[in-house]
Amino acid sequence: MDVRLPYPPGARSGDRPAAAKPCSTCGELTGRGYPSCLGCAEVVDQLWLADWLALLAAERVSAGTEDERSLAAQVLLASDGSYAWTCTDWALRLLRCEECGGELGAGDPVCLSCAAADASRWSWSESAPPGSLTPGEQMLRLAVLALRAPQRRRVSAVSAWRLVVPFLLVGDAVTSAQLRGIRAAVLAGRYADLALLDRVVELANLPLLPWRR
């Protein structure tokens, strides 16, 4: 008998960095090099991977096998709330889109199959009870998905997410209003200046023109 609790939380099992610090691999604040930097990817992905590995253990499935891919397909076909949202995301990573050949949900920008897969993942958070996905977890999920599929979003939006990932990783709050302010500064050509700042509030309040203080 399946006794799995409905809407299990995600990204709460792995260890988060205590503070936003430079990655020893790429030198950027940890997370900004995701997913191309192996050091950044290890820190970010372990929040998802911890939940997926726990699911593999519960289902007695070995990583890297055909059974794991079958489990991924099972997760995506299950009703909302059957698995943690991190497991849904990881299942999509493991499967390839039959239409464009890319990571399912993160492939070609004009691929309808990927668009449908990406949209379906959000039904979890839309139907979940309060507290199942915190605002910080939602923002981190959005940020990571943007960095995994930058071709599906505007460059300024991806750059804004890249700037805030290190702070979301350590649990700092980033509001939609702050993100809009950061994106406006990116559009004003101030990405390099933003990348030097070490607090979200400073990023969000950087003047669009460097001489206006």
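The side-chain heavy atoms of L142 and E137, taken from C-beta on, include no pair separated by under 4.5 Å. Using a 4.5 Å cut-off on side-chain heavy atoms (C-beta onward), V44 and L140 make no contact. Put simply, the side chain of F167 does not reach to within 4.5 Å of the side chain of R199, judged on heavy atoms.
Counting heavy-atom neighbours within 6.0 Å of E42 CD, excluding the residue itself, gives a total of 12 or less. No more than 12 heavy atoms of other residues, nucleotides or ligands lie within 6.0 Å of CZ in R154, so this atom counts as exposed by the packing criterion.
Taking the centre and axis of the six-membered ring of W161, the NZ or CZ atom of R183 falls outside the cone set by 45° and 6.0 Å.
Taken from CD in E126 to CG in L133, the straight-line distance is 11.5 Å, to the nearest 0.5 Å. In this structure, D80 CG and W122 CH2 are separated by 13.0 Å, a value rounded to the nearest 0.5 Å. In this structure, L104 CG and E99 CD are separated by 10.0 Å, a value rounded to the nearest 0.5 Å. Here SG of C111 is found 7.0 Å from CZ of R152. Values are rounded to the nearest 0.5 Å. Atom CD of residue Q74 and atom OG of residue S82 lie 9.0 Å apart, to the nearest 0.5 angstrom. Separating the CG atom in L145 from the CZ atom in R153 is a distance of 6.0 Å, to the nearest 0.5 Å.
The ring pair (Phe, Tyr, Trp, His ring centres under 6.0 Å) test applied to W48 returns W85, not counting sequence neighbours.
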### Message
Before you tell me yes or no, could you show the steps for K21 and L29 under side chain to side chain contact (heavy atoms under 4.5 Å, CB included), namely the whole-Å CA-CA distance, both residues' side-chain angles and the distance that decides it to 0.1 Å?
### Response
CA-CA 5 Å; K21 296 182 178 180; L29 288 184; 5.5 Å; no
### Message
Test side chain to side chain contact (heavy atoms under 4.5 Å, CB included) on L47 and T86; report intermediate values, then the result.
### Response
CA-CA 8 Å; L47 292 176; T86 42; 6.0 Å; no
### Message
Does L55 form a side chain to side chain contact (heavy atoms under 4.5 Å, CB included) with W90? I'd like the steps, not just the answer.
### Response
CA-CA 11 Å; L55 177 60; W90 201 268; over 6 Å; no
### Query
S113 and C100: side chain to side chain contact (heavy atoms under 4.5 Å, CB included), yes or no, with the steps?
CA-CA 8 Å; S113 180; C100 72; over 6 Å; no
### Message
Applying side chain to side chain donor-acceptor pair (under 3.5 Å) to S127 and Y7, what does each step give before you reach the verdict?
### Response
CA-CA 9 Å; S127 58; Y7 295 97; 2.7 Å; yes
### Steps toward salt bridge (Lys or Arg N to Asp or Glu O under 4.0 Å) verdict (E103, R148)
CA-CA 9 Å; E103 178 184 306; R148 288 194 68 81; 2.6 Å; yes
### Task
Starting from the C-alpha separation in whole Å, work towards a yes-or-no answer on side chain to side chain donor-acceptor pair (under 3.5 Å) for D51 and Y83.
CA-CA 10 Å; D51 295 333; Y83 301 93; over 6 Å; no
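Salt-bridge check for E28 with R162: failed, with every basic side-chain N at 4.0 Å or more from each acidic carboxylate O.
A donor-acceptor contact shorter than 3.5 Å links the side chain of R16 to the backbone of L168. In this structure a side-chain-to-backbone donor-acceptor pair under 3.5 Å is missing from E59 to L56.
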